[in-house]
Amino acid sequence: MTEIVTRFAPSPTGFMHIGNLRTALYAWLLARAGNGKFIVRIEDTDQVRLVEGAVDVILQTLRQTGLNYDEGPGIGGPNGPYVQSERKEIYRKYAEELVAKGHAYYCFCTAERLQQLHDESDGVGGYDRHCRNLSADEVATHLANGEPYVIRQKIPLEGVTSYVDEVFGEISMENKEMQDQILLKADGYPTYNFAHVVDDYLMGVTHVVRGSEYLTSTPKYVLLYDAFGWPRPHYVHLPLLMGQNEDGKISKLSKRHGAVSFQDLLQAGYLPQAIVNYIALLGWCPKDCNQEIFTLEELCKIFSIEGISKSPSVFDYGKLNWFNSEYIKQMPEQTCAERIVPLLRQKCPAPGLCLDKLAALLHTRVCTFNEATEMVDFVAERLPLDLAAYTNKKNKTTPELCRQILAEVQPKLAACQDWQNDALFALLKAYAEASGIKAGAVMWAVRIAVARKLVTPGGATELMEVFGKEESLSRIEQALQELGD
RNA sequence: GGCACGUUGGAGAAGCGGUUUAACUCACCAGCCUUUCACGCUGGCAUUCACGGGUUCGAAUCCCGUACGUGUCACCA
């Protein structure tokens, strides 16, 4: 059985879009699942759109997500170089071979003429094949004059070209629908359309994994393989990733939908593994299995092309949140605290606070670490408090009752030597029983007084432990004053 | 506009002609637990698979048409 070889071939023209990452993931998974090889290749043939640093971001993302590659930039391999700009001369040779074979031709049309053609057809017309039948002499003359030229693919005028996609099935396209696309640009660089075919062949790629936006241009690539006499690779086109607009409509996932690059998502507080886990399930589903939380290793074992769906899927930040919170809950408390405490310290620099305890309270309550900072505003400062907060229906509390509770409980707390949750809880519980007041009411009064907020992570005694004795008593004192006599 | 592809609840989805009165997850709602919230637990949430025809004893599952959506028609990838 032939080994599977896939590749991830990003263009360094921006940052790592989440759809791109997903393509990389599936290509990687397919290779790993089949015990094959995964190659990374940089497609930088558009020298105009190059973005500095983009390659580093791509490589770093691969590292952060654990998508290791067998050949590619930085590590080399038998099929290098792995950056297309470094393989420039290879493409010319193959393009000329195609010309010699009659499957491509020189074109001397100017950019202006092409632009005019484009404008006259309202943007939907293509090249008029003006240079397709230039005689050898004419070509020689133009060349001798040093005129700039491109090399275009000579698409058959009639007939149908079809291929079988592994997920979409057979795709057929009438040859007359296809343009004589440019293979080699005037600047000597190849286009994507040409370079990727040559490289995939040269590098032994067996499965081309990419977004479904290439579905309808693939017949042209297939024609290229045929023209060279090369075996066609397997094609695995992936359904697009969409985003939901505010008006409910969906469109290709873009910035207006929120964070869409891997970096943005990290910035927003999501864990690499949660992101990977989530996008693995966007457009793919395991067979006979309801599991959703997967490690990369587990995914390798069960990933298969049959599970890839044809319809586009909408990126749902809500579900990503769920995955992230699951990963956070899965972390040992200690590890979680290591991530959260520094954030808390920044937001709540006051000494005496037990931030470890706060972090522990947040462990099951946050979707992202960043969210922790938002949830502790009441710790960082004493929030303005409406006395109405002391009124709680379920526990039957009123400001008056709360005042009484706080006043009676204050000296007991002041005398407490063991300022941690269990002891404090026991103390308040004992007071409740002795006074005949519902425990819930006591807890409510104390929590509101100490936290000055209706909804808080953790209860009364947990928060008192966080605040420490001094601050807790001070806040209760303030509450008493506010509640009056 | 031509061509291509898609369409199962708000989102991801299972389903591949007959125990499907359509699994599972998120979201949402209700209840339990409870020191508020969260966690956890329990239950609810598509009589119906875009719509219309057809094939069949039987269709979400096969075929055709319509609608809608998306993609693509670059010296971008």
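In what follows, chains carry the letters A, B, and so on, assigned in the order in which the sequence lines appear, proteins first and then strands, with residues in each chain numbered from 1.
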Any donor-acceptor N/O pair under 3.5 Å between B:U35 base and A:Lys429 side chain: no

Residue A:Lys329 excluded, over 12 heavy atoms near NZ under 6.0 Å: yes

Watson-Crick or G-U counterpart of B:A13, or none if no pair lies under 3.5 Å: none

Opposite nucleotide pairing with B:U55, Watson-Crick or G-U, both atom distances under 3.5 Å: none

B:U36 base / A:Arg447 side chain donor-acceptor hit below 3.5 Å: yes

Candidate nucleotides B:U36, B:G10, B:U35, ranked by approach to the side chain of A:Val455 - the nearest: B:U36

A:Asp180 and A:Lys154 ion-paired at < 4.0 Å: no

Side-chain donor/acceptor contact of A:Asn392 with base of B:U35 under 3.5 Å: no

Between A:Tyr189 and A:Asp46, a side-chain donor and acceptor under 3.5 Å: no

B:G31 and B:G17, which share atom name C1', separated by this distance in whole Å: 41 Å

Presence of donor-acceptor pair under 3.5 Å, side chain of A:Ser217 and base of B:U72: no

B:G15 and B:G54, which share atom name C1', separated by this distance in whole Å: 23 Å

Whole-Å distance separating the NE2 atom of A:His363 from the P atom of B:G40: 12 Å

Any donor-acceptor N or O pair under 3.5 Å, side chains A:Asn175, A:Glu158: no

Pair assignment for B:U7, Watson-Crick or G-U wobble, requiring both distances under 3.5 Å: B:A67

For B:U72, the Watson-Crick or wobble counterpart (both distances under 3.5 Å): B:G2

Ring-on-base stacking B:U25 with A:Trp322 (under 5.5 Å, under 30°): no

Identity of whatever pairs with B:C37 - Watson-Crick or G-U, under 3.5 angstrom: none

